[in-house]
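Below: one structure, written as structure tokens.
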Amino acid sequence: MHRARRRSGVASAALDGALREIARLGGGTVESYPQDTEGTRVSASFLHNGTLARFESRGFTRTRRLGKNHWVVTRTVRPCP
């Protein structure tokens, strides 16, 4: 993402849109690999897959650790009625 757009809500909007689209298409299990940034300062240019807090705030749960600061997170998305 271009640096002028960082921290403006674009990544959150994209994640929310992706979850809505997954629900529309029948739902399923979603997995991602965000970085845990709690208590540290991390350049936004290194947050390719987003922050752990962003995913947890949308109902994802930690499944397993990947290295020092990355996690596998999952969430089951129910299909739209």
Side-chain angles (χ1 to χ4, degrees):
M1 180 180 311
H2 189 275
R3 79 179 107 208
R5 296 288 180 232
R6 292 182 189 144
R7 301 191 187 282
S8 65
V10 173
S12 293
L15 177 56
D16 293 341
L19 293 171
R20 281 192 304 274
E21 186 67 1
I22 291 165
R24 187 185 72 79
L25 294 171
T29 300
V30 180
E31 182 176 272
S32 191
Y33 317 98
Q35 183 168 345
D36 184 1
T37 59
E38 187 174 327
T40 64
R41 286 187 51 108
V42 178
S43 171
S45 63
F46 290 105
L47 297 175
H48 306 290
N49 210 28
T51 64
L52 182 59
R54 175 177 293 126
F55 282 86
E56 287 182 329
S57 72
R58 284 157 177 82
F60 284 79
T61 58
R62 298 176 196 201
T63 304
R64 68 183 182 279
R65 188 182 284 274
L66 287 176
K68 183 178 177 184
N69 297 314
H70 286 84
W71 286 85
V72 176
V73 295
T74 58
R75 174 182 163 185
T76 300
V77 177
R78 299 191 189 283
C80 287

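- The distance from atom CZ of Arg24 to atom CD1 of Ile22, rounded to the nearest 0.5 Å, is 11.5 Å.
- Summarising the geometry, atom CG belonging to Leu15 is positioned 9.5 Å from atom CZ belonging to Arg20; distances are rounded to the nearest 0.5 Å.
- Residues Thr29 and Arg75 have side chains that never bring a donor and an acceptor to within less than 3.5 angstrom of each other.
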Checking side chain to side chain contact (heavy atoms under 4.5 Å, CB included) for the pair Val30/Phe60: CA distance, chi angles, key distance, verdict?
-> CA-CA 9 Å; Val30 180; Phe60 284 79; 3.9 Å; yes

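- Contact record, Ser12 with Arg54: OG-NE, 3.0 Å, taken as the closest heavy-atom pair.
- Between Thr61 and Phe55, every side-chain heavy-atom pair lies at or beyond the 4.5 Å cut-off.
- The shortest distance between side-chain heavy atoms of Pro34 and Glu56 does not fall below 4.5 Å.
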Stepwise side chain to side chain contact (heavy atoms under 4.5 Å, CB included) test for His70 and Arg65 | CA-CA 6 Å; His70 286 84; Arg65 188 182 284 274; over 6 Å; no

Can you list the steps and then say if Gln35 with Tyr33 is a side chain to side chain contact (heavy atoms under 4.5 Å, CB included)?
-> CA-CA 7 Å; Gln35 183 168 345; Tyr33 317 98; over 6 Å; no

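- With hydrogens and angles disregarded, no donor-acceptor distance shorter than 3.5 Å links the side chain of Arg62 to the backbone of Trp71.
- Contact of the Val73 side chain with the Leu52 side chain is registered, since non-hydrogen atoms from C-beta on lie closer than 4.5 Å.
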